[in-house]
2 protein chains.
Amino acid sequence: MLVTDLYELTMAAVYRRRGMAAAATFGLFARKLPAGRGFLVAAGLDEAVDRLLAWQVTDADTRWLGEQLGTGEATFAPLAGLRFTGDAWAVPEGAVVLADEPLLEVTAPLPEAQVPESMLLNAVTYQTALASKAVRCVLAARGRPVVDFSLRRDHGIEAAAAAARAGALAGFAATSNVAAAHELGVPATGTMAHSYVQAVGDERAAFAAFAAAFPASPTFLVDTFDTAGGVRAAAAVIRERGLGDRAAVRLDSGDLAAEARLARRLLDDAGLPAVRIVVSGGLDELAVDDLAAAGAPVDVFAVGTRVGTSADAPSLDSAYKLVEYDARPITKLSAGKGYPPGPKQVWRRPGAADLVTTRDDEGPPGARALLEPVVRDGRRLRPAATLAQARARLEQDLAWLPDDAKRVRDPAPAACVTSDRLRRLHEEVRAGLRAASAPPSG
Amino acid sequence: MLVTDLYELTMAAVYRRRGMAAAATFGLFARKLPAGRGFLVAAGLDEAVDRLLAWQVTDADTRWLGEQLGTGEATFAPLAGLRFTGDAWAVPEGAVVLADEPLLEVTAPLPEAQVPESMLLNAVTYQTALASKAVRCVLAARGRPVVDFSLRRDHGIEAAAAAARAGALAGFAATSNVAAAHELGVPATGTMAHSYVQAVGDERAAFAAFAAAFPASPTFLVDTFDTAGGVRAAAAVIRERGLGDRAAVRLDSGDLAAEARLARRLLDDAGLPAVRIVVSGGLDELAVDDLAAAGAPVDVFAVGTRVGTSADAPSLDSAYKLVEYDARPITKLSAGKGYPPGPKQVWRRPGAADLVTTRDDEGPPGARALLEPVVRDGRRLRPAATLAQARARLEQDLAWLPDDAKRVRDPAPAACVTSDRLRRLHEEVRAGLRAASAPPSG
């Protein structure tokens with residue numbers, strides 16, 4: 001059965017009945033950024049394109065819908081076989097995007113462009129939210145590695161895979177999620193739980209057994225009983241086995257800055273200055289920023305729940321708006337400035353704000369077009385971006401982004417500007433709407 | 001590849017090498033409730049049991065792990081073929097549960113009980129978070145129907161199916177998610193988007209076409225241009241077609257209480273008192289409560305993003321703690337009261353707080369045991385609960401729950417109490433830990 005909101009199918013059924021098959025363009029964008037975000041990192045676009053090309057209304061779908069809604073088979077029968085045969089433009093996976101900038105534009109006969117709305121929003125909204133959260137952790141860590149420990153509290157297995165991927169896209173060094181590491185080709189990371197130390201019963205014996213099994217880069221969890229004792233037990237094992245150049249300790253509770261300083265001092269006193277310190281436990285970009293700003297001797301930040309669920313903003317105010325139908329530009333009269341009509345292009349200008357134009361406008365000199373054609377006549381124009389390509393794109397766009405948008409505390413959201421031509425078109429369409437609604441109807 | 005955190009496999013590898021295969025019991029519970037929750041609704045338990053019985057470490061897994069960690073094949077080879085052959089006890093799907101009450105207890109040879117930690121926490125944490133949020137919407141709606149519109153912003157397709165299911169479990173009347181409705185056997189609901197009215201261009205023509213296609217129970221979205229005009233257009237179509245006993249209008253923006261009053265007055269004035277009013281747009285249980293408390297004439301509440309992501313608390317402080325190994329009760333010395341050692345039972349007492357005992361304790365008279373055996377020797381003891389069974393269980397438990405825990409605003413979290421025997425056991429184990437840690441080690 002199709003993963004879609006029912007109304008996509010009821011609308012499409014009416015369109016089919018009425019022969020409304022002219023070309024429609026929808027734009028997918030975020031109306032505004034969540035609080036505490038200065039920019040977004042586009043993610044889920046490649047999966048959205050996969051979904052766009054994979055759906056098809058089956059006879060079984062139309063039969064079930066007819067039963068469900070009590071309409072009989074005839075109402076939905078005209079939808080059988082419907083699939084996507086149109087075009088799509090998208091920003092590259094990993095691109096920095098801002099409020100009111102289209103991430104994806106879809107053009108197709110109206111029913112085909114309408115039905116995928118829900119599945120496209122579903123793919124792009126949460127993945128972009130997760131990547132936009134993850135990149136803030138990387139910025140907060142000031143060059144020190146960040147790793148993903150979020151699997152256990154992400155919203156399902158699919159969401160955990162997406163969280164690991166969003167982290168990798170944002171620049172995380174590894175994930176604890178074995179399946180995701182395997183799928184993405186990124187390092188898997190992880191060590192031991194408190195239960196391990198408890199089951200063995202003796203901290204030093206537990207660490208020695210672990211080091212024997214994993215001599216390449218063992219990380220010892222040192223806060224099962226008390227941190228000082230745990231660090232001393234780890235130090236003894238590390239020295240005994242000559243692991244001083246490859247071992248680490250992990251702190252998972254308490255005042256992490258104080259615990260890290262204690263652990264650093266004990267390790268240094270034990271002649272183990274190269275043993276690294278990993279911290280975990282409820283971290284997000286603000287906690288990472290606090291630790292980094294305080295100069296806590298942390299070498300690796302392991303972030304989990306709060307990042308894998310984007311806990312402060314688990315979604316975006318995303319929309320999939322009809323902007324053109326049958327060559328007629330469409331917008332809404334709304335209280336705010338609203339979203340301009342028509343297919344668009346976003347131009348990224350060196351040292352200047354993004355410029356949003358109509359799609360066929362020429363861009364300013366030196367600017368780069370953000371939206372690229374990705375689907376034509378229902379066929380993908382090129383393969384999905386690799387993780388490395390998406391990461392490279394993000395790095396490039398981060399270099400362009402103003403520093404105050406990248407600030408972890410109280411970022412100033414970067415904003416786009418609208419071209420004169422697009423603004424005039426928007427005003428004309430709004431004026432037409434106002435005129436039409438002036439005499440009360442009915 | 002196994003969906004698990006790497007450390008589950010490194011620990012299990014050490015256990016296998018050391019021959020640590022004695023029985024271990026782990027308990028899965030929430031350490032505390034999120035702010036604004038008076039209780040939790042257990043969900044994802046049946047899926048957790050499915051996952052518990054489905055995993056198996058393959059040769060391909062152990063080879064890949066050996067390469068990843070640079071240990072060679074030998075380190076992980078002893079894990080090949082590992083799967084779950086033990087026992088599990090769980091609370092029924094839909095049960096009301098509280099902080100520090102085990103939702104699931106797993107007993108098996110230590111490696112088999114350790115490896116599934118991440119996949120069990122992943123299934124139970126978010127589904128319980130979603131069901132616990134959804135039920136508050138039902139309570140806030142005071143008997144009026146609530147429906148799920150969350151698909152587009154849930155964390156993936158799996159999460160959207162879980163959100164629809166959590167809603168259905170909590171008592172929602174329907175979901176917009178067609179695939180989930182089909183899978184769950186619940187009604188699919190949905191009508192039209194603003195884009196539909198914009199594409200047709202004329203509100204009245206749009207409504208008339210929709211009513212022609214869906215005469216059984218059409219819902220007209222009336223706020224594309226202005227609500228008064230939209231309601232009048234809908235009223236005209238409803239009267240023209242004699243749909244006054246089955247039609248509805250939907251409001252999706254603005255001050256919903258005021259818009260609903262306006263729509264109600266216009267519909268009543270048009271002789272259409274039975275036409276229902278559906279509201280949507282950023283609703284959560286607090287917004288539903290405001291509308292219901294204000295006496296807004298709303299007939300159906302459609303909740304979406306904030307409920308499907310449990311936006312104020314997208315996860316729980318869940319844990320999977322080792323409580324017994326090789327017949328040795330295990331706990332941690334921690335700052336708070338901590339989680340007692342050993343396998344447990346929770347007794348639900350009429351008119352009294354839940355009593356947590358050791359598993360083999362007899363319960364107080366008239367009490368009902370919350371945890372039931374669900375897996376023995378690696379086999380399910382009975383099929384997963386149906387949605388109707390889970391709903392019935394929730395209804396029963398809601399009737400038991402104190403009113404102040406069910407309050408939507410500032411609920412007073414219900415809490416369990418610990419039996420004297422379990423408290424003594426906990427104290428003994430803690431005293432042993434204190435004695436052991438008194439002389440600094442190392």
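Everything quoted here is computed from the prediction, not taken from an experiment. Side chains are part of it too, since the values below use all heavy atoms of this structure and drop only hydrogens, waters and symmetry mates. Residue numbering restarts at 1 for every chain, and letters A, B, ... go by the order of the sequence lines.
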Using non-hydrogen atoms only, which part of [X] is less than 4.5 Å away from chain A: side chain, backbone, both, or neither?
X	result
T331(B)	backbone
R153(B)	both
A129(B)	neither
V197(B)	neither
V200(B)	both
Q198(B)	both
L65(B)	side chain
L110(B)	side chain
A181(B)	both
M192(B)	both
F76(B)	side chain

Test item: [X] and [Y] side chains (from C-beta on) under 4.5 Å apart, heavy atoms:
X	Y	result
L151(B)	V3(A)	yes
H155(B)	T125(A)	no
T191(A)	M11(B)	no
F149(A)	D5(B)	no
S195(A)	K321(B)	no

For [X], which atoms come within 4.5 Å of any heavy atom of chain B: side chain, backbone, both, or neither?
X	answer
D317(A)	both
R51(A)	side chain
Q114(A)	side chain
L2(A)	backbone

Can you tell which of T71(B), T189(B), L130(B), T305(B) has the highest number of heavy-atom pairs within less than 4.5 Å of chain A?
-> T189(B)

Highest number of heavy-atom pairs under 4.5 Å with chain A: which of A311(B), A199(B), S315(B)?
-> A199(B)

Mind checking whether Y196(A) and Y7(B) have ring centres under 6.0 Å apart?
-> no

